[in-house]
Amino acid sequence: MGRLISIAIIAAAAYWYWSGPYQQGRNPSAEEQLQANESAMRKCIRQEQSMGGAAGLAGVATDIGDPEQLCAEKLQLRRENDQWVAR
């Protein structure tokens, strides 16, 4: 009987974890996704600008274009209502 109760408790805990924290981590809310997109764009733009600056310091003439547009294409995002959303 004690073994059956232990199995039931473990099954209930596993179901709770799977339906709650695990699913939230795998399927972020819309707000969390927008924040992740914004963070990825900031990081990408900073990297592109840094590479452009480093190339200029090295004496290499490069025209990287608009870092924002380049990063949007790279990350497959588009600007909509001042937020970065997936294409």
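Predicted model only: the values in this text are computed from it and were never measured.
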Considering non-hydrogen atoms only, spot the tightest contact between [X] and [Y] and give its length.
| X | Y | result |
| --- | --- | --- |
| Trp84 | Asn37 | O-ND2, 2.9 Å |
| Cys44 | Leu75 | CB-CD1, 4.2 Å |
| Leu77 | Arg87 | O-NE, 3.2 Å |

Looking only at atom types and distance, does a side-chain atom of Ser6 sit under 3.5 Å from a main-chain N or O of Gly2, one as donor and one as acceptor?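 Yes: the side chain of Ser6 pairs with the backbone of Gly2.
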Side-chain (Arg78) to main-chain (Ala86) donor-acceptor, under 3.5 angstrom: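 Yes.
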So among Glu48, Met41, Gln49, which one has a side chain to side chain contact (heavy atoms under 4.5 Å, CB included) with Glu68?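 Only match with Glu68 under side chain to side chain contact (heavy atoms under 4.5 Å, CB included): Met41.
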Could you tell me the separation between the CZ atom of Arg42 and the SG atom of Cys71, rounded to the nearest 0.5 Å?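 Output value for this atom pair is 12.5 Å.
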Is Glu80 atom CD crowded by more than 12 heavy atoms from other residues, nucleotides or ligands, each under 6.0 Å away?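 Buried by this count: over 12 neighbours within 6.0 Å.
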ILVMFWY network linking Trp16 to Trp18, side-chain heavy atoms under 4.5 angstrom: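 The answer is yes; both residues are in one hydrophobic cluster.
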